[in-house]
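We name chains A, B, ... by the order of the sequence lines, and we start the count at 1 in each one. Computed from a predicted model, the values in this text were never measured in an experiment.
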Amino acid sequence: MNVPRGNAESLMQEHYHPETLEPAVQQYWQDNKSFSVNEDSDREKYYCLAMFPYPSGKLHMGHVRNYTITDVISRFQRMQGKNVLQPMGWDAFGLPAENAAIKHHTAPAAWTYSNIDYMKGQLQSLGFGYDWSRELATCSADYYRWEQWFFTRLYRKGLVYRKTSAVNWCPKDQTVLANEQVVDGCCWRCDSPVERKEIPQWFIRITAYAEELLAALDKLDNWPDQVRTMQRNWIGKSRGVDMHFPLRQPIAGLDGLDVYTTRPDTLLGVTYLTLAAEHPVSLALAENNPALADFIASCRQQAVSEASVATLEKRGMDTGIVAAHPITGEPVPVWVGNYVLMDYGSGAVMAVPAHDQRDWEFARKYGLAIRQVIAPTSGQTCDLEREAFVDKGVLVHSGDFDGLDFEGAFDAIAGRLADSGRGRVTTNFRLRDWGVSRQRYWGAPIPMLYRPDGTEIPVPDHKLPVLLPEDVSIDGVHSPIKADPLWRRDVLDGEAVERETDTFDTFMESSWYYARFTCADYTGGMLDSARANYWLPVDQYVGGIEHAILHLLYARFFHKLMRDEGLVASDEPFTRLLCQGMVLKDGAKMSKSKGNTVDPQGLIDQYGADTVRLFTMFAAPPEQSLEWSDEGVAGANRFLRKLWRAVFAHLGRGEPGAARFVDLPENLRNLRRKTHETLAKVSHDFSQRQTFNTAIAAVMELLNDLSRLDDSSALGLAVEREALETATLLLAPIVPHISHRLWREMGHEEAIIDAPWPVVDQGALVRDTIEMVVQVNGKVRARIQVASNAERQTVEASALEEQNVLRFTEGLTVRKVIVVPNKLVNVVAS
RNA sequence: GCCCGGGUGGCGAAAUUGGUAGACGCAAGGGACUUAAAAUCCCUCGGUUGGUAACAACCGUACCGGUUCGACCCCGGUCCCGGGCACCA
């Protein structure tokens, strides 16, 4: 057996052994600090970031996919010559740590730190090229102290306020429940029916930035349209009318009810108003109306999430009072409904049953009037006995306004309301202010103090950070810092004060970690602006589609807040966004309860990291959901062995000749063309399309072509060497360990991570002839070979003389011949 | 309920700007090598029909309809699956 010579010192092993190869390559990266980077104004920077993980215990396939995509892009950009930053850290606060603490009788902090240790080892074994010197965990006071500091700045700017807002309340456990802890309207632990409870909470005024957050979406060209659309709808800017329905006498200090509508054209069709159960007027009327009080109490037996409110059976009760219609002055009955939310708008809505399906159903249920005021423009009639007519149309039964269309009616009715002082045109946003208070322990303490009289004071800088004690025990009901009377106590300027015991929403931490990575060791402030501005914005952000709205909107908002504080110079945090799909098994999301989980660790142990990375990138394009297949993983491993064998066999055939590729014989010319076609396709797929599956398929095709070549001449080996080196370079971002070794075996001193991306030889792509398809009336009837520079007439003529074309045009007249250059000819005949 | 996606062979998928539907891989079947197995290599592989065969025809991208010389792709409607809905992260 011919044993091939690799580099000067050692012989290439015949077989691929990832279990020894991968740790050795990882050791090389570590010894050479290959992924540790600094600001370098002479080089183009590239900041590539994956959404950091919650340290839940061990990596799941979703993580593996997310971090492989990000690592592939990072390594590709590095080969493009960029100064690439790829950091990693831990989204370490959150609810699961408290649940685990109860279950395992450990402190959330200890559980979290031990998970971080284990998961960090897993990330390293997958060969991801992180700059670990920038690692951060959000539960560390070095991190959250700046978040607390920033919050006090926002408070001073008037961007933070406190108001009461509803939470899910378990009456038995006397505790607040997260939405996911409410199962079918009941507490997940004790099964008691959940109630709404209004408690004071802290809010950040994201609505003050609604207009900018919306407008800037148009400039995020490298975000998926899907995500931009979702954010646009979430912000929900609308043009409508705020109007006032006067009451006969004031109730709860209110002389009327304020209502917003986007359909003032239907105003004359209003037949009742509906108030939220917590509306001040509802509460005031309930004081001497026991039936109404009972109804309002029953409305509290309801979880707070919008999905649960939207799907519940709509119920209502007549309050017995009326308000005056702002245009006609006619009395309009006032109802209380369980589906109107006080947290949302004014807590009162007008109902037009003829032209809103939900109002129609409510009116039918309670026998309320349905008055048609819009007719279809087409002149057709509509059957309001069957359903509401919700389209825009022309006004009827609306007095002076009859005959107007939507636009005309909007302006006329809004004008009439404005003239009488009963309404005005306004812009409304669906977006609500960001509630950041959580009644939980494992989060960053909200840095606020209260005087005995209840007035609030932000914690002054010299008392920051407000530390969260880590050595605690958890009972699942009460937060240790709420249960500890000593922790609450503080003294400010000689005055006894009490600390806020709520903690921040964990979206606070994940809203700025990407910026902190640029200067994670900085102790002089939240951000070292010089470093932050070198790296920011993030050039490529990669994460799950489930974060399309909340996390990404809060992070965009935070970036603008940091900009306005002078910390960063850019307007947006993430230039390009890639949202990967989920990892499925047997068509369903992997979950412990379904028993369809696949542990990445077992596969890494069995096949090596490169195989897992290759399969993950090959099985589907990143945005699509990925169906896991153990057989597919075995196939990916087979391909790597085939690649290894190809290089081994090639080296065994002797030294290639000089790379002078002129006047090549046809078989070598074909392989060279394939090499450069593959290079062109993979370059495009990596940089533009981000479809790594098709890039891998292209390299597989190249290797298939290569294996069919049998030419051991010096020139043949040179063409083969070029093909193998190209394949190795193209695969290097995806399977970095095997590529590192093969590159060395093919005689390169420089490590492949520092090799430049190859360049397409345009001359190698030239073809003499091309195949074109010939259709008759859109159906493929023949294929023809034509010179690649053939004139249109020549192509047309040779298409028309094909036997099968003649067969299908016989007896017909050719009406038209369509020629799509280099692709097809369509003969239209009848 | 509302907003956003998706649906293509037995399976994962490809078709990049409206121009050859099924590249690449998995599974399966057949063959070669082997004492045997593994590994590897070669061949077949959407369905139906005709043909010894080369091949040809028809059908086929969830369903119904439309636009177009031409539709997986664009438009209208329906069904199913998934993500999000502000306290899971």
Inset, instruction - Can you tell me the distance, in whole Å, between the CE atom of A:M582 and the C1' atom of B:G12? - result: 16 Å
Inset, instruction - For B:A57, take OP1 and OP2 only and decide whether either is under 4.0 Å from a side-chain N or O of A:R781. - result: yes
Legend entry - Out of B:C26, B:A89, B:G83, whichever nucleotide has its closest atom nearest the side chain of A:I545: B:G83
Legend entry - B:A27 OP1/OP2 closer than 4.0 Å to side-chain N/O of A:R638: yes
Inset, instruction - Describe the nucleic acid contact of A:E306 in one word from base, sugar-phosphate, nothing, applying a heavy-atom distance below 4.0 Å. - result: base
Legend entry - Residue pair A:F692 / A:T616, side-chain heavy-atom distance below 4.5 Å: no
Legend entry - Atom-pair distance (NE2 on A:H60; P on B:A89), nearest Å: 13 Å
Legend entry - OP1 or OP2 of B:A56 under 4.0 Å from side-chain N/O of A:R807: no
Inset, instruction - Report the nucleotide, chosen from B:U20, B:U16, B:C41, that has the shortest atom-to-atom distance to any side-chain atom of A:R645. - result: B:C41
Legend entry - Spacing of the C1' atoms in B:G19 and B:C26 (rounded, Å): 30 Å
Inset, instruction - Whole angstrom is fine here: how far is it from CD1 in A:I235 over to P in B:C3? - result: 17 Å
Inset, instruction - Report which part of the nucleic acid A:F639 touches: base, sugar-phosphate, or nothing (heavy-atom distance under 4.0 Å, all strands). - result: nothing
Legend entry - Note: A:K163-A:E198 ion pair, threshold 4.0 Å (strictly below): no
Legend entry - Among B:A23, B:G84, B:A56, the nucleotide that comes nearest once only the side chain of A:E546 is considered: B:G84
Inset, instruction - Could you please name the option among B:A21, B:C4, B:A23 that lies closest to any side-chain atom of A:E701? - result: B:A23
Legend entry - Atom pair CG/CG of A:D343 and A:D433 - distance to nearest 0.5 Å: 11.0 Å
Legend entry - A:F808, nearest nucleotide to its side chain (from B:A86, B:C58, B:C69): B:C58
Legend entry - Protein-nucleotide distance (A:E627, atom CD; B:G7, atom P), rounded to Å: 15 Å
Inset, instruction - With C1' as the reference atom in both, quote the distance from B:A23 to B:G9 in angstrom, rounded to an integer. - result: 14 Å
Inset, instruction - State whether A:K681 places a side-chain N or O below 4.0 Å from either non-bridging phosphate oxygen (OP1 or OP2) of B:C24. - result: no
Inset, instruction - Report yes if at least one side-chain N or O of A:N704 is closer than 4.0 Å to OP1 or OP2 of B:C24; otherwise report no. - result: no
Inset, instruction - Calculate the interatomic distance between A:K816 atom NZ and B:U68 atom P; express it in whole Å. - result: 11 Å
Legend entry - G-U wobble or Watson-Crick pairing nucleotide for B:C85 (cut-off 3.5 Å, both distances): B:G1
Legend entry - Whole-Å gap separating P (B:C3) and CZ (A:R228): 20 Å
Inset, instruction - Establish, with yes or no, whether the OP1 or OP2 oxygen of B:A86 is under 4.0 angstrom from a side-chain nitrogen or oxygen of A:N179. - result: yes
Inset, instruction - Measure from the side-chain N and O atoms of A:R556 to the backbone N and O of A:L213, and report whether any donor-acceptor pair falls under 3.5 Å. - result: yes
Legend entry - Donor/acceptor link under 3.5 angstrom from A:N826 side chain onto base of B:C69: yes
Legend entry - Watson-Crick or G-U wobble mate for B:G22, both contacts under 3.5 Å: none
Inset, instruction - Determine the minimum heavy-atom distance between A:W434 and A:S511, stating which atoms define it. - result: CH2-OG, 3.7 Å
Legend entry - Watson-Crick or G-U counterpart of B:C73, or none if no pair lies under 3.5 Å: none
Inset, instruction - Would you mind pulling out the nucleotide paired to B:A53, Watson-Crick or G-U wobble, both distances under 3.5 Å? - result: none
Inset, instruction - Look at A:R641 and B:U40 and indicate whether a side-chain polar atom (N or O) is within less than 4.0 Å of OP1 or OP2. - result: yes
Inset, instruction - Using only side-chain N and O atoms of A:N693, determine if any of them is under 4.0 Å from OP1 or OP2 of B:A23. - result: no
Inset, instruction - Kindly assign one of parallel, tilted or perpendicular to the pair A:Y554 and A:F507, based on the angle between their ring planes and the thresholds 30° and 60°. - result: tilted
Inset, instruction - Taking atom C1' in both B:U20 and B:C69, compute the distance separating them and give it to the nearest angstrom. - result: 16 Å
Legend entry - Strand partner of B:A27, provided both Watson-Crick or wobble distances fall under 3.5 Å: none
Inset, instruction - May I ask you to verify whether the side chain of A:K823 and the base of B:U20 hold a donor-acceptor pair under 3.5 Å? - result: no
Inset, instruction - Answer yes or no: does a side-chain N or O of A:R358 lie under 4.0 Å from OP1 or OP2 of B:C2? - result: no
Legend entry - B:A13 OP1/OP2 closer than 4.0 Å to side-chain N/O of A:Q624: yes
Inset, instruction - Quick one: label A:G544 by what it contacts on the DNA or RNA (base, sugar-phosphate, nothing), any heavy atom closer than 4.0 Å. - result: nothing
Inset, instruction - Might you point out which heavy atoms bring A:R65 and A:G581 nearest each other, and give the distance in Å? - result: NH1-O, 2.8 Å
Inset, instruction - Using a 4.0 Å heavy-atom cut-off across all strands, classify A:V828 as base, sugar-phosphate, or nothing. - result: sugar-phosphate
Legend entry - Any A:R689 side-chain nitrogen or oxygen under 4.0 Å from OP1 or OP2 of B:A15: yes
Legend entry - B:A37 to B:G46 separation - P atoms, rounded to the nearest Å: 29 Å
Inset, instruction - Determine the interatomic distance between P on B:A89 and the same-named atom on B:A15; round to the nearest Å. - result: 37 Å
Legend entry - Proximity to the side chain of A:I818 - top-ranked nucleotide from B:G19, B:A89, B:C24: B:G19
Inset, instruction - Would you mind pulling out the nucleotide paired to B:U17, Watson-Crick or G-U wobble, both distances under 3.5 Å? - result: none
Inset, instruction - Consider the side chain of A:T311, meaning its heavy atoms from C-beta on, and name the nucleotide among B:A56, B:G84, B:G1 that approaches it most closely. - result: B:G1
Legend entry - Under-4.0 Å salt bridge between A:E796 and A:R792: yes
Inset, instruction - Starting from the 5' end of RNA chain B, give me the residue, A:A310 or A:V820, whose nearest nucleotide shows up first. - result: A:A310
Inset, instruction - For B:A89, take OP1 and OP2 only and decide whether either is under 4.0 Å from a side-chain N or O of A:T506. - result: yes
Legend entry - Rounded distance (Å) that lies between atom P of B:U20 and atom CD1 of A:I784: 15 Å
Inset, instruction - Please give the nucleotide sitting opposite B:A62 as a Watson-Crick or G-U wobble pair, both distances under 3.5 Å, or none. - result: B:U78
Legend entry - Among B:U20, B:C69, B:A89, the nucleotide that comes nearest once only the side chain of A:D91 is considered: B:A89
Inset, instruction - With the side chain of A:P621 defined as its heavy atoms from C-beta on, choose the nearest nucleotide among B:A86, B:A13, B:C24. - result: B:A13
Inset, instruction - Report yes if the side chains of A:P445 and A:Y144 come closer than 4.5 Å at any heavy-atom pair, otherwise no. - result: yes
Legend entry - Protein-nucleotide distance (A:L552, atom CG; B:C3, atom P), rounded to Å: 21 Å
Legend entry - Of the listed nucleotides B:A89, B:A86, B:U20, the one nearest the side chain of A:L95: B:A89
Inset, instruction - Determine the minimum heavy-atom distance between A:T503 and A:Y441, stating which atoms define it. - result: CG2-O, 3.6 Å
Inset, instruction - Name the residue closer to the 5' end of RNA chain B, choosing between A:Y554 and A:Q775 according to the nucleotide with the nearest heavy atom. - result: A:Q775
